[in-house]
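Note sheet for the following structure.
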Amino acid sequence: MIQRTVLRQIDRYLHKKRAIILFGARRTGKTTILDALASRFDNHHYINCDLIDGQEAFEFRNRQDIVRNFDRYRYLLIDEAQRIFDIGIKLKSIIDTLPELQIVATGSSSFELSNATIEPLTGRKFEFIVAPLTTWELYDFDGIDAVKSGLQQRLIYGNYPEVYLEKVMPDEIVREIAGSYLFKDVLAYQEIRKPDVLKKLLQALALQVSSEVNNVELGQLLGIDPKTVVHYLDLLEQCFIIYRLGSFSRNLRNELKKGQKIYFWDNGIRNALINNFNPPGLRTDIGALWENYFISERRKLMLNDRIGFEHYFWRTTAQQEVDLIEIVDGRIGAFKLKWNSSKSGKFPRSFRNAYPDAAIHDVNPGNYLDHLLNDTE
């Protein structure tokens, strides 16, 4: 089993009289993590809410029912908690009635589970995101040589656990995940009248990775209004398919102030959407793939280490650009990404002058591991 950083982090948050909620896309390993916890915890009760009897376990009416159902356990492990109606209120009731009972719950759809839990469980939960595998987890599992030699494979097929472990037909598994699971949560919990438009939107975003995205232009392309575009982007982001970076601006008059870029949590999903699994040497989009990969890996590293951070991109109206701006505790880190290290350009002088205290990083395949193997400086 690949040891997940989230699993190690959870130990620090047990028995704080709060539920632990694991969010993440389908097939990223949430159930595997819950199973691992079950193997470690004595006196636990495991509930699979995909099953009818699992859902019936939450049909309690009063405190006496809660005590009767759960008081004899020390741990309550709940898989696919979003299946339960009013899950937030019900978890709050259990915590208030049995504060020593440690709850760990998983949910594959952020928008459904978080909307159902966020208000009732205010001050009563710790949240974790279970993303596709990180570079650090692969290093811990396979060693540095495998990580170095496997970069091109990960750029194309991504980091989903079963995709990484599959050595024969990774493209088939990526296609299955993208085809069978990608939209499942969105379509199950939201009234999407035109699912074909949602797929076309994702394909358009996949083709514009690393470029700025305009909601009005996307709406014109798809024949929908910009408000619908924003709504769909919100759903896709909450479902851990994409995430957005805004533009960074503090000092310069010509800095972009309202721009946005959209990236995919996983390169393999992005490539499946455009049906392109060609190797890096045959691609015209290798620069965009490299940018998506590194920024996503950096994001996962910061989330796994539970470091408060903000991510942006920086660009001026004169097209001077820094690919990733990272802010931690008020400190600015700036990353310029190049797939071909021989073509690395200098950082824009205007950025250096405006932000002289920023830590500057030129990142390429030869040195990127310096920034992904738990280097969060």
Side-chain angles (χ1 to χ4, degrees), residues 1-10 13 19-38 46-50 77-84 87-88 91 103-118 121 125-138 141 154 158-165 173-174 176-178 180-190 202 234-244 263-270 272 292 295-307 309:
M1 176 182 170
I2 298 175
Q3 293 298 316
R4 305 304 302 269
T5 305
V6 169
L7 184 58
R8 294 168 175 167
Q9 289 278 16
I10 285 173
Y13 294 85
I20 291 173
I21 311 294
L22 307 179
F23 294 117
R26 293 178 181 274
R27 310 278 281 269
T28 53
K30 298 181 304 298
T31 298
T32 302
I33 290 173
L34 207 63
D35 290 342
L37 289 173
Y46 192 113
I47 299 177
N48 182 352
C49 296
D50 273 336
L77 309 180
I78 308 168
D79 201 17
E80 302 291 355
Q82 77 276 357
R83 303 288 190 202
I84 307 301
I87 184 62
L91 291 180
I103 297 172
V104 183
T106 77
S108 58
S109 52
S110 173
F111 59 81
E112 179 64 16
L113 188 56
S114 62
N115 288 345
T117 62
I118 194 165
L121 286 183
K125 61 179 169 56
F126 295 116
E127 296 182 356
F128 294 80
I129 292 177
V130 181
L133 297 169
T134 67
T135 304
W136 172 260
E137 289 166 337
L138 299 180
F141 176 70
R154 300 194 301 277
N159 283 37
Y160 270 73
E162 60 196 291
V163 174
Y164 178 79
L165 294 171
I173 297 177
V174 177
E176 183 210 0
I177 294 172
S180 301
Y181 292 90
L182 200 60
F183 305 107
K184 190 170 184 179
D185 291 326
V186 180
L187 298 178
Y189 299 111
Q190 297 287 327
L202 272 173
D234 286 341
L235 294 180
L236 293 170
E237 188 164 21
Q238 292 168 18
C239 217
F240 302 105
I241 299 171
I242 63 169
Y243 58 90
R244 287 173 276 195
Y263 296 92
F264 285 77
W265 277 89
D266 186 77
N267 272 35
I269 295 299
R270 182 264 181 184
N292 191 92
I295 293 175
S296 296
E297 288 301 299
R298 187 71 184 179
R299 179 182 182 85
K300 291 187 293 183
L301 172 64
M302 303 299 282
L303 288 169
N304 273 4
D305 285 353
R306 300 188 71 77
I307 294 172
F309 72 100

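Arg244 pairs by the side-chain hydrogen bond (donor to acceptor under 3.5 Å, both in side chains) definition with Asp234, Glu237, not counting sequence neighbours. For Thr134, the side-chain hydrogen bond (donor to acceptor under 3.5 Å, both in side chains) test picks out Glu137, with sequence neighbours left out. Partners of Arg8 under the salt bridge (charged side-chain N to carboxylate O under 4.0 Å, His left out) rule, at least two apart in sequence or in another chain, are Asp140. Evaluation of the side-chain hydrogen bond (donor to acceptor under 3.5 Å, both in side chains) rule for Asn48 yields no partner, not counting sequence neighbours. The salt bridge (charged side-chain N to carboxylate O under 4.0 Å, His left out) test applied to Asp35 returns no partner, not counting sequence neighbours. Taking the ring pair (Phe, Tyr, Trp, His ring centres under 6.0 Å) definition, one finds that Tyr46 meets it with nothing, sequence neighbours left out. Take Phe141 and apply the side chain to side chain contact (heavy atoms under 4.5 Å, CB included) test, not counting sequence neighbours, and it matches Ile2, Tyr164, Leu165. Every residue two or more places apart in sequence or in another chain was checked for a salt bridge (charged side-chain N to carboxylate O under 4.0 Å, His left out) with Arg299, and none qualifies. Asn267 meets the side-chain hydrogen bond (donor to acceptor under 3.5 Å, both in side chains) test with Asn292; sequence neighbours excluded.
No side-chain donor-acceptor contact under 3.5 Å links Thr5 to the backbone of Asn304. Using modelled atom types, one side-chain atom of Lys30 and one backbone atom of Ala25 make a donor-acceptor pair closer than 3.5 Å. Side-chain atoms of Thr106 never come within 3.5 Å of backbone atoms of Phe23 as a donor-acceptor pair (strictly under, hydrogens ignored). The backbone N or O of Thr135 lies less than 3.5 Å from a partner atom in the side chain of Glu297, making a donor-acceptor pair.
Taking every heavy atom of both residues into account, Lys125 and Ile21 meet most closely at CB-CG1, 4.2 Å. When every heavy atom of Gly158 is checked against every heavy atom of Val163, the shortest pair comes out as O-CG1, 4.4 Å. Nearest heavy-atom pair across Asn159 and Pro132 is O-CB, 3.6 Å. When every heavy atom of Val130 is checked against every heavy atom of Gly29, the shortest pair comes out as CG1-C, 4.3 Å. Val174 and Ala272 make their closest contact through CG1-CB, 3.7 Å (heavy atoms, listed as atom of the first residue, atom of the second, distance).
Cys49 is listed as a side-chain neighbour of Ile78, based on a closest heavy-atom distance under 4.5 Å. Between Phe309 and Leu303, the closest side-chain pair of non-hydrogen atoms falls below 4.5 Å. The closest side-chain heavy-atom distance from Thr28 to Trp265 is not below 4.5 Å. Between Asp50 and Asp79, the closest side-chain pair of non-hydrogen atoms is not below 4.5 Å. Taking 4.5 Å as the limit, every side-chain heavy atom of Lys300 sits out of range of all side-chain heavy atoms of Met302. Residues Ile129 and Phe240 meet the side-chain proximity criterion, which asks for heavy atoms closer than 4.5 Å.
For the atom pair Ile33 CD1 and Leu22 CG, the distance stands at 6.0 Å (nearest 0.5 Å). To the nearest 0.5 Å, atoms CZ (Arg4) and CD (Gln9) are separated by 12.5 Å. A distance of 13.0 Å separates CD1 of Ile242 from CD1 of Ile269, quoted to the nearest 0.5 Å. Taken to the nearest 0.5 Å, the OG1 atom of Thr32 stands 10.5 Å off from the CG atom of Leu7. Separation of atoms CG (Leu138) and CZ (Arg154) is listed at 5.5 Å; rounding is to 0.5 Å.
For an aromatic pair to be called close, the ring centres must be under 6.0 Å apart, and Phe264 with Tyr243 fails this.
Ionic pairing of Glu176 and Arg27 is present here: one or more N-O contacts between side-chain nitrogen and carboxylate oxygen are shorter than 4.0 angstrom.
Taking the centre and axis of the six-membered ring of Tyr160, the NZ or CZ atom of Arg26 falls outside the cone set by 45° and 6.0 Å.
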